[in-house]
Amino acid sequence: MSVEYFLRVVMLSGGPGLTIDGFLPSLLLGTVIAWIGWVAATSGLNSVRDWWRILTSESLPIDEAVATNEPVQIRGHVRPLQPDDTLTSPILNRECVVYEYTISKVVQDSGGSTIDSDTAYRSFIIADGTGEILVNPDEDSLSLKTTTQRTTSKEELIKRTDDDIVEFDPTAYTSDGETIPKPIELREGTISVGEEITVVGETNQKSEGALRDTDAVMASGADQLTVMNDDPTNTAMRNAARGVFLLMLGAIFGIFAILILRSAILDVI
């Protein structure tokens with residue numbers, strides 16, 4: 001689960017301003033808030049690290065990138081491992097190797113309320129004419145440009161989504177069976193077959209890439225992979241903004257946790 005989910009739960013339940021009497025409830029509350037602060041701060045540090053890695057990694061052609069032992073930035077076109085090893089995005093109906101989508105109800109003055117969301121991905125090959133690299137992404141490594149659409153009718157909503165993938169009932173959000181009183185926002189990002197993208201990470205020649213006739217592998221995990229179809233500078237700036245925001249939230253929750261735990265301890269002394 002993402003740190004944003006935990007923060008949303010705490011804020012909806014009253015946030016760090018909750019008043020709980022008694023040592024054990026205060027201890028529990030302080031511990032939970034401290035843990036949420038730690039999760040936020042850790043996620044923030046990871047985002048700041050990603051910002052710095054993207055900003056400082058050298059852009060190289062694949063044939064030169066495979067010979068390095070440091071994070072590099074490569075750019076090339078995407079193709080699947082096998083012709084039929086692809087996905088179909090549920091909203092834009094694109095043949096792709098990665099998609100992520102969010103369907104939310106637009107609520108005035110409170111942003112959006114998520115109805116459904118999902119991420120799916122396949123391993124794929126990126127090639128630039130000098131070589132090929134097998135890319136094994138995970139959900140945390142993706143940074144995608146998104147397309148946003150809004151609809152206010154059930155018919156249009158059904159037309160724009162793939163019922164075999166999207167798991168929600170459009171009729172539940174209509175007032176008279178057809179009209180949706182509050183707009184439904186459809187947001188989706190994809191990495192399409194043939195699209196030119198940028199990948200930042202470390203190349204590994206001693207992996208399964210050789211078995212697939214590629215020059216190396218770039219994988220998520222210790223190699224700190226970032227897969228993006230946006231300008232790398234834009235992606236880096238988004239990571240920096242997110243990192244600073246989460247670090248500030250982590251500090252705020254940490255301060256509240258200290259105050260609550262300090263008060264609980266003083267009450268029993």
Side-chain angles (χ1 to χ4, degrees), residues 2-4 42-80 87 89 92 94-102 119-148 187-205 207 209 214-248:
S2 67
V3 64
E4 287 85 354
T42 301
S43 182
L45 285 173
N46 289 338
S47 292
V48 171
R49 180 192 58 201
D50 290 343
W51 159 73
W52 182 251
R53 180 168 45 83
I54 294 170
L55 209 60
T56 59
S57 59
E58 185 178 6
S59 180
L60 295 173
I62 289 177
D63 61 346
E64 295 181 23
V66 296
T68 65
N69 295 317
E70 298 179 352
V72 293
Q73 189 175 128
I74 62 172
R75 189 166 182 83
H77 291 86
V78 171
R79 66 178 175 87
L87 302 164
S89 67
L92 300 176
R94 290 176 177 169
E95 184 183 21
C96 59
V97 293
V98 173
Y99 71 73
E100 59 182 18
Y101 73 86
T102 301
T119 301
Y121 48 86
R122 296 277 192 271
S123 296
F124 60 88
I125 293 171
I126 182 173
D128 68 351
T130 70
E132 297 182 342
I133 287 182
L134 173 65
V135 180
N136 292 323
D138 64 8
E139 187 171 348
D140 292 334
S141 67
L142 303 175
S143 181
L144 308 181
K145 289 188 298 185
T146 59
T147 299
T148 301
R187 181 177 299 153
E188 183 179 80
T190 66
I191 293 180
S192 302
V193 174
E195 183 176 2
E196 188 176 31
I197 67 168
T198 302
V199 181
V200 177
E202 294 182 10
T203 60
N204 183 358
Q205 294 176 279
S207 190
T214 59
D215 298 294
V217 173
M218 298 177 79
S220 55
D223 295 336
Q224 303 303 326
L225 184 71
T226 302
V227 178
M228 65 194 97
N229 59 357
D230 197 2
D231 181 85
T233 301
N234 293 338
T235 301
M237 291 302 103
R238 283 198 301 270
N239 274 294
R242 181 178 183 273
V244 170
F245 173 72
L246 290 175
L247 285 172
M248 291 175 61

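Values reported hereafter were calculated over all heavy atoms of this structure, with side chains retained and with hydrogens, waters and symmetry mates removed. This chain uses plain numbering: 1 for the first residue, then up along the sequence.
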Colleague: Determine yes or no for a side-chain-to-main-chain donor-acceptor pair under 3.5 angstrom, with S89 supplying the side chain and R94 the backbone.
Modeller: yes
Colleague: Can you tell me if CE on M248 sees more than 12 non-hydrogen neighbours from other groups inside 6.0 Å?
Modeller: no
Colleague: Tell me, do V193 and P80 make a side-chain contact under 4.5 Å, heavy atoms counted?
Modeller: yes
Colleague: Please step through side chain to side chain donor-acceptor pair (under 3.5 Å) for the pair R242 and N239, ending with a clear verdict.
Modeller: CA-CA 5 Å; R242 181 178 183 273; N239 274 294; 5.8 Å; no
Colleague: Would you check if the side chain of E188 reaches a backbone N or O of L92 as a donor-acceptor pair within less than 3.5 Å?
Modeller: yes
Colleague: Any side-chain heavy atom of I133 within less than 4.5 Å of one from V199?
Modeller: no
Colleague: Against N229, only a single residue in K145, E195, E196 fulfils side-chain hydrogen bond (donor to acceptor under 3.5 Å, both in side chains); can you say which?
Modeller: E195
Colleague: Which heavy atom in A219 sits nearest to a heavy atom in L225, and how many Å separate them?
Modeller: O-CB, 3.6 Å
Colleague: Please tell me if the side chains of D63 and D215 come closer than 4.5 Å, counting only heavy atoms from C-beta onward.
Modeller: no
Colleague: Hey, does R79 have a side-chain heavy atom less than 4.5 Å from the side chain of E132?
Modeller: yes
Colleague: If you look at every heavy atom in I191 and C96, which pair is closest and at what distance?
Modeller: O-CB, 3.0 Å
Colleague: Ignoring hydrogens and geometry, is there a side-chain-to-backbone donor-acceptor pair from T203 to A65 under 3.5 Å?
Modeller: yes
Colleague: I'd like to know if the side chain of D128 reaches the main chain of I62, judged simply by a donor and an acceptor atom lying under 3.5 Å from each other, with no hydrogens or angles considered.
Modeller: yes
Colleague: What heavy-atom pair brings P137 and V227 nearest, and what distance separates the two atoms?
Modeller: CB-CG2, 4.3 Å
Colleague: Using every non-hydrogen atom in the two residues, find where G44 and L246 come nearest and quote the distance to one decimal.
Modeller: CA-CB, 3.7 Å
Colleague: Using 0.5 Å steps for rounding, measure from the CE atom of M228 to the CD atom of Q73.
Modeller: 6.0 Å
Colleague: Please walk me through it: do Q224 and R49 pass side chain to side chain donor-acceptor pair (under 3.5 Å)?
Modeller: CA-CA 9 Å; Q224 303 303 326; R49 180 192 58 201; 2.9 Å; yes
